[in-house]
There are 2 protein chains.
Amino acid sequence: MKRSSNSASLHNPIYDIAAQVFHKRGYDSTSMSDIAHAARLTKAGLYHHIASKEMLLYTILNYGMDLTDEIVMRPVLEIRDPLERLKQLIARHLRLILQERNHEVTVILHEDKSLRGTLRKKMNERKKHYIDFVEKVVAGVLPRRRKSKARIAAFALLGMMNWCYQWYRPGGRITVPALVNGMTEIFLHGVA
Amino acid sequence: MKRSSNSASLHNPIYDIAAQVFHKRGYDSTSMSDIAHAARLTKAGLYHHIASKEMLLYTILNYGMDLTDEIVMRPVLEIRDPLERLKQLIARHLRLILQERNHEVTVILHEDKSLRGTLRKKMNERKKHYIDFVEKVVAGVLPRRRKSKARIAAFALLGMMNWCYQWYRPGGRITVPALVNGMTEIFLHGVA
DNA sequence: ATTAAAATACCGACCGGTCGGTAGGTTCTA
DNA sequence: TAGAACCTACCGACCGGTCGGTATTTTAAT
């Protein structure tokens, strides 16, 4: 019997496998048989564990947001100094996205329109909550006369960080610490 | 099966309509009947004009890259001053993406894994060519000792600009000129 | 310690429906 | 009267999902 101290052990491995497949092939072009096969099950066996394809995606996305709360938001909110807060936000957000294990998070970045109705609304609210959090942290380092630009700055920061999942390949020439340093410097001081 | 013999014959409205639908619903979850209906045709009627769903996507993506070449790359390459070059790159790239008409370009940003084989390779090469171009323009304004960071800076810039398609809604509180100013300032001088 | 019942995990076979795509005929236009 | 434009009707493959049933594990009373 397996028993690991981590709370993630409560997490059925099916979700991790499915997140991996969704990340690789995209939600729409992944069939339930694909996921079943990856989990070494038949489709009927898979459906013993989940309610529907959409619910499976929702559970994965929700878990990705839980990770974000836990690894980025909560620790950053405990920091007092505004500049250090922002630096930690950048470092933690980037590591969260580039960590090879967290497929749930990268799926969030790509699958926007796949959920419908209530589930979609709930996810959008969680995302909005995080964006507002980033905006506040960014506003903390802006001089008073430029506070009005906090929203654009927040989106700029989120963009440069989130876009990484599109091009970053671990093991390439660019390391995660170099990326953290580079983006922190650009966002804080610019390139010129 | 039909033409595509003439490169400029692109302005068949079918491609614009299809780009719009792909942009709205995503490639995979858009059926050919959806596109046919949007174009006021039956599916068979639509297939009189195109060879396959994948070819339709490829034509759209290729046209999006043509637009990028024409509206961003070519004019920017004619500018001598490195700083002005970069400023124009930012302004033109953002306007290209946020222009409501250019659905072909926003489809490029989202549909990465939908093409297969040769078509995918060709698209990836055109994209890589553009990324190299951005990297060179960025390197033009970097002090010598930081030239090695040009690639990270280029990806940061591309990220903050390209991410806009995910959240920007025309008619909202943020205008395109404000966005151009804001992102130019952040990338050139930082926020702190 | 035994064992029977209950719960869980899983499967082969199948369902209604939709997908991308097509054969073959009709209408429009020059 | 030729060809482009477009249609009705249809195809095989595959989709998400379910059915009835079996194997395995857990539980609990003896």
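Chain A is the first sequence line, chain B the second, and so forth, proteins listed ahead of strands; every chain is numbered from 1. Hydrogens, waters and symmetry mates play no part in the numbers below; they use all other heavy atoms, side chains included.
- To the nearest angstrom, P of D:dG16 lies 4 Å from NZ of A:K53.
- Ring geometry for A:Y165 versus B:W163: interplanar angle over 60°, hence perpendicular rather than tilted (30 to 60°).
- Comparing A:A51 and A:D34, the nucleotide of DNA chain D nearest to each residue sits closer to the 5' end for A:D34.
- Atoms CG and CD, on A:D28 and A:E111 in that order, are 6.5 Å from each other to the nearest 0.5 Å.
- Between A:K136 and A:D132, none of the side-chain N atoms (NZ, or NE/NH1/NH2) sits under 4.0 Å from a carboxylate O, so this pair counts as no salt bridge.
- Rounded to an integer number of Å, the gap from A:L57 CG to D:dG16 P is 13 Å.
- Between A:H37 atom NE2 and D:dC15 atom P the separation is 13 Å, expressed in whole Å.
- When the options A:L157, A:V72, A:V134 are evaluated for a side-chain contact (heavy atoms from CB on, under 4.5 Å) with A:I90, the one that passes is A:L157.
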Table of protein N/O atoms under 3.5 Å from nucleotides 10-14 of chain C N/O atoms:
unit_1, atom_1, unit_2, atom_2, d
C:dC10, OP2, A:H49, NE2, 2.7
C:dC11, OP2, A:T42, N, 2.8
C:dC11, OP2, A:T42, OG1, 3.3

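- Computed from coordinates, the A:D28 CG to C:dT18 P distance equals 16 Å when rounded to whole Å.
- Residue B:T30 is classed as a sugar-phosphate contact, given heavy-atom separations below 4.0 Å to backbone atoms only.
- Distances shorter than 4.0 Å separate none of the side-chain N or O atoms of A:Y47 from OP1 or OP2 on D:dT18.
- Each of B:R126, B:R74, B:K127 was checked for a salt bridge (Lys or Arg N to Asp or Glu O under 4.0 Å) with B:D69, and the lone residue meeting it is B:R126.
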Check against side chain to side chain contact (heavy atoms under 4.5 Å, CB included), B:M65 and B:H129: CA-CA 10 Å; B:M65 290 306 299; B:H129 183 238; over 6 Å; no

